[in-house]
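Just the heavy atoms: all of them, side chains too, but no hydrogens, waters or symmetry mates, feed the values below.
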Amino acid sequence: MGGVVTKVDSPRKAWIPETKLEAKMVEALQRRQAEGTTVKSFNSIILKFPKIDESLRKCKTIFEQFDEDSNGAIDQEELRKCFSELDICFQEEEVNDLFGACDINEDMGMEFNEFIVLLCLVYLLKDDPGALCAKSRNLETTFQTLVDAFIFLDKNKDGYVSKNEMVQAINESGERSSGRIALKRFEEMDWDKNGMVNFKEFLFAFTCWVGIDDAEDEEEKEEV
């Protein structure tokens with residue numbers, strides 16, 4: 001998910017995207033960073049967890065609508081129909097890249113948390129992000145909050161979050177144990193353990209923080 005590190009003391013961007021999709025994410029984030037962020041502290045993000053959780057769960061209706069065979073996952077054909085219905089216009093290669101990036105289990109099907117991450121990436125990458133959320137103003141607000149949260153953490157505005165940036169962001173909250181908390185949160189985000197976190201990794205960690213994964217596990221247990 002990360003890339004190649006150049007000289008540490010170089011004033012230029014030190015982290016090079018590995019894929020076209022990652023490069024597009026970085027470019028889109030840097031455009032948004034120019035607009036600033038409404039997030040002032042990591043604690044303010046945590047306080048929004050319940051509202052964000054509630055908003056994201058409303059995506060379940062969309063997910064179930066396009067999971068035509070009701071197997072708990074959206075395959076590539078179902079995703080294409082979803083994009084068509086939602087008027088999301090991406091090239092075939094872009095759709096395949098998004099699917100591959102969000103299908104973290106590599107089982108050729110996106111589960112609910114993976115689908116949420118994909119929708120948020122679409123929101124970030126679209127020229128008209130509001131169109132995706134036309135049916136739900138709350139969803140647009142939620143996705144914008146997630147973008148703002150990442151921008152707040154990305155202190156040097158290079159499209160990635162480093163361990164030092166995470167420590168700095170949480171230190172600003174003024175907690176005594178902030179260093180330990182920062183390292184724990186960073187480890188939860190840095191899935192591939194390469195020392196840098198991109199927006200997609202951040203989103204997957206966020207779905208865990210607000211409890212999306214736990215709720216899905218509970219639903220599966222109830223069905224059994």
Determine which pairs satisfy salt bridge (charged side-chain N to carboxylate O under 4.0 Å, His left out) with at least one residue from residues 71-83, sequence neighbours left out, and list them in order.
E68-K81, E77-R80, R80-E92

With side chains defined as the heavy atoms from C-beta onward, is the minimum distance between [X] and [Y] less than 4.5 Å?
X    : Y    : value
N156 : E165 : yes
F115 : I62  : yes
L118 : L79  : yes
T141 : S55  : no
L153 : F42  : yes
C82  : I74  : no
N198 : E201 : yes
M166 : V197 : no

Do you know which two heavy atoms are closest between [X] and [Y], and how far apart they sit?
X    : Y    : value
F152 : V39  : CD1-O, 3.5 Å
I170 : A182 : CD1-CA, 3.4 Å
C120 : F199 : SG-CZ, 4.0 Å
S162 : M196 : CB-SD, 3.6 Å
D148 : G36  : OD1-O, 4.1 Å
D154 : G159 : OD2-N, 2.8 Å

Partners passing side chain to side chain donor-acceptor pair (under 3.5 Å) against [X] (at least two apart in sequence or in another chain):
X   : result
K40 : none
D53 : R57
E54 : none

Checking [X] side chain against [Y] main chain: does a donor-acceptor pair fall under 3.5 Å?
X    : Y    : answer
D190 : N194 : yes
N164 : Q168 : no
K193 : E187 : yes
E114 : E111 : yes
D67  : G72  : yes
N96  : G100 : no

Here's one to test your reading of the geometry: is the NZ or CZ of K157 within 45 degrees of the ring axis of Y160 and under 6.0 Å from its centre?
no

Test the R32-Y123 pair against the cation-pi criterion, namely NZ or CZ under 6.0 angstrom from the six-membered ring centroid and within 45° of the ring axis.
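That pair qualifies as a cation-pi contact.
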
For K24, which residues count as a side chain to side chain contact (heavy atoms under 4.5 Å, CB included) partner, sequence neighbours excluded?
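Partners of K24 under the side chain to side chain contact (heavy atoms under 4.5 Å, CB included) test: E94, L125.
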
What is the distance from atom [atom1] of [X] to atom [atom2] of [Y], rounded to the nearest 0.5 Å?
X    : Y    : atom1 : atom2 : result
L29  : Q33  : CG    : CD    : 6.0 Å
L119 : L98  : CG    : CG    : 10.0 Å
I116 : C102 : CD1   : SG    : 11.0 Å
E64  : F112 : CD    : CZ    : 8.5 Å
K126 : L86  : NZ    : CG    : 9.0 Å
N71  : D69  : CG    : CG    : 3.5 Å

Between L124 and F143, does a side chain to side chain contact (heavy atoms under 4.5 Å, CB included) hold up when you go through it step by step?
CA-CA 8 Å; L124 173 70; F143 285 164; over 6 Å; no

Neighbour count above 12 (heavy atom, 6.0 Å) for K155 NZ:
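It does: K155 NZ has more than 12 such atoms within range.
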
Show your working on side chain to side chain contact (heavy atoms under 4.5 Å, CB included) between L139 and K58 and close with a plain yes or no.
CA-CA 8 Å; L139 191 56; K58 291 179 180 177; over 6 Å; no

Tell me, with the steps shown, if D97 and F90 meet side chain to side chain contact (heavy atoms under 4.5 Å, CB included).
CA-CA 10 Å; D97 287 347; F90 281 156; over 6 Å; no

Residues two or more places apart in sequence or in another chain: which of them pass ring-ring contact (aromatic ring centres under 6.0 Å, His included) with F206?
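Partners of F206 under the ring-ring contact (aromatic ring centres under 6.0 Å, His included) test: F49, F202, W209.
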
